Amino acid sequence: MACDVIGWGALNIDVLSKVNKISKIDEESYIKNTTKTCGGSAANTIIGLSRLEQSTGFIGKIGTDEHGQILLDNLKQENVNTDHILKQEGTSGQVTGYIDEDGNRALYVDSQINDNIIPEEIKIDYINNSKILHLSSFVGRYTDQSIKTQIETLSQLNKKVKISIDPGMIYINKGRAFMDQILEYTDILFINKQEIQLLTESNNLDLAIQDIINSVDTLVLKMGSEGSLIKDQNHEYKLKPYKTEVKDTTGAGDSYNVGFLYGLLNNYKLKESGILGNFIASQSIQKTGATEGLPKLNEIKPKQIVNEYIN
């Protein structure tokens, strides 16, 4: 099956608790309610793109437990191709998260079976038949095999496949030398202010941006309440965010990726794609959970959204 976008990353069950505050050392807070949903950064983005009627697939690994079946069924229900979801005896990944009254969050990842993807399990032709391969990180707590497999695979892909990645703090914390192995093949880098400054070891945001743009074709800097910045070798766009009620920021960055990649796939310009990224993110944070707020295509009007923003 040929897909517009294939995602590749961890598949997790998200156990999210609303709390009165996120505790620091030696503090206490209380849980208001708890929900259990399907998550994983790249998976969230792929689900969002599927809802926008893009053809999507996913590469990931699940365990033989109940959570593994829930994760698989969820992707199928979202019309994501699951032919390359791998299953292995063991426990599926889980994220435990706490969300305060302002929508801020603290997440704790238990990677489990996610870390065990080997090169022989990856079908290169499947990826080469797609337009975009979108990557997110693996923790590598039990083994760094899945991380090594991602990097090895990138070197084998057809150049016509665009590579986008949202590395998150997990990959950023591995340092510049590690990230350079991935950036060598990256067309679109999604990153936030804290991550880019840590990656470049620079407190000067302008210098950090200039450093990274030399390594990728397109830099997408997500700045939360400050909006976003899109930069390539010839253009730079600073985009204001949409003002909205914030219930939960879980998956906000993933939902931005949805709008941006949808724009690129449908021949929108960089600035326009960034506008769509901001808009989809603003929809997501109005609901609790990583995918609950992601809209379907018939619920939005992308061209109108872009035109209203510009005009």
Side-chain angles (χ1 to χ4, degrees), residues 1-11 40-50 54-62 75 80-86 88 114-140 143-168 170-172 174-191 199 212-220 230 232-233 254 257-258 260-267 270 273:
M1 175 182 176
C3 298
D4 292 328
V5 188
I6 293 172
W8 184 1
L11 287 168
S41 177
N44 296 336
T45 297
I46 290 301
I47 286 171
L49 285 165
S50 183
Q54 306 303 289
S55 60
T56 60
F58 199 82
I59 299 169
K61 180 164 279 192
I62 55 175
L75 289 173
V80 177
N81 178 264
T82 59
D83 291 348
H84 298 267
I85 299 295
L86 308 163
Q88 183 176 324
N114 282 306
D115 291 337
N116 294 345
I117 299 174
I118 60 175
E120 292 76 14
E121 293 175 310
I122 303 301
K123 307 300 181 184
I124 299 297
D125 288 345
Y126 176 62
I127 302 175
N128 278 337
N129 283 326
S130 68
K131 297 175 182 177
I132 297 174
L133 174 65
H134 178 66
L135 304 175
S136 61
S137 62
F138 290 99
V139 172
T143 170
D144 60 359
Q145 185 59 68
S146 291
I147 299 171
K148 290 179 177 178
T149 299
Q150 271 190 340
I151 295 171
E152 180 178 327
T153 301
L154 290 176
S155 67
Q156 302 175 40
L157 296 180
N158 191 311
K159 298 299 182 183
K160 71 179 182 64
V161 181
K162 287 191 176 297
I163 307 300
S164 71
I165 182 168
D166 193 331
I170 290 174
Y171 274 8
I172 297 298
K174 293 181 181 295
R176 185 62 181 267
F178 168 81
M179 278 300 300
D180 280 345
Q181 297 177 82
I182 297 175
L183 295 181
E184 178 182 354
Y185 303 101
T186 298
D187 297 292
I188 306 159
L189 174 65
F190 295 102
I191 197 167
L199 180 61
I212 294 301
I213 197 60
N214 292 325
S215 299
V216 299
D217 291 341
T218 303
L219 171 66
V220 181
I230 320 296
D232 63 10
Q233 297 299 331
D254 304 332
N257 302 346
V258 172
F260 189 87
L261 293 177
Y262 172 86
L264 293 188
L265 287 165
N266 290 276
N267 300 314
L270 280 183
S273 296

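One is the number of the first residue; the rest follow in order along the sequence. If you're wondering where the values come from, they're calculated on a predicted model, not measured in any experiment.
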Can you list the residues that meet the side chain to side chain donor-acceptor pair (under 3.5 Å) rule with Tyr185, with sequence neighbours excluded?
-> none

Sorted by chain and residue number, the salt bridge (charged side-chain N to carboxylate O under 4.0 Å, His left out) partners of Lys131 (sequence neighbours excluded) come out as Asp4

Ile118: what forms a side chain to side chain contact (heavy atoms under 4.5 Å, CB included) with it, not counting sequence neighbours?
-> Glu120, Glu121, Gln145

With sequence neighbours excluded, tell me which residues meet ring-ring contact (aromatic ring centres under 6.0 Å, His included) with Tyr262.
-> none

Residue set satisfying side chain to side chain contact (heavy atoms under 4.5 Å, CB included) with Ser273, at least two apart, ordered chain then number -> Phe260, Leu264, Tyr268

To the nearest 0.5 Å, what is the distance between CD1 (Ile6) and CG (Asn129)?
-> 8.0 Å

For Asp217, what residues pass the side chain to side chain contact (heavy atoms under 4.5 Å, CB included) criterion, not counting sequence neighbours?
-> Asp187

Qualifying residues under salt bridge (charged side-chain N to carboxylate O under 4.0 Å, His left out), relative to Asp144, sequence neighbours excluded | Lys148

Any residue meeting side chain to side chain donor-acceptor pair (under 3.5 Å) with Gln88, in chain and number order, not counting sequence neighbours = Lys61

For Asn158, what residues pass the side chain to side chain donor-acceptor pair (under 3.5 Å) criterion, not counting sequence neighbours?
-> none

Is there a donor-acceptor pair closer than 3.5 Å between any side-chain N or O of Ser146 and the backbone N or O of Asn116?
-> yes

For Ser41, side chain to side chain donor-acceptor pair (under 3.5 Å) partners two or more places apart = Asp254

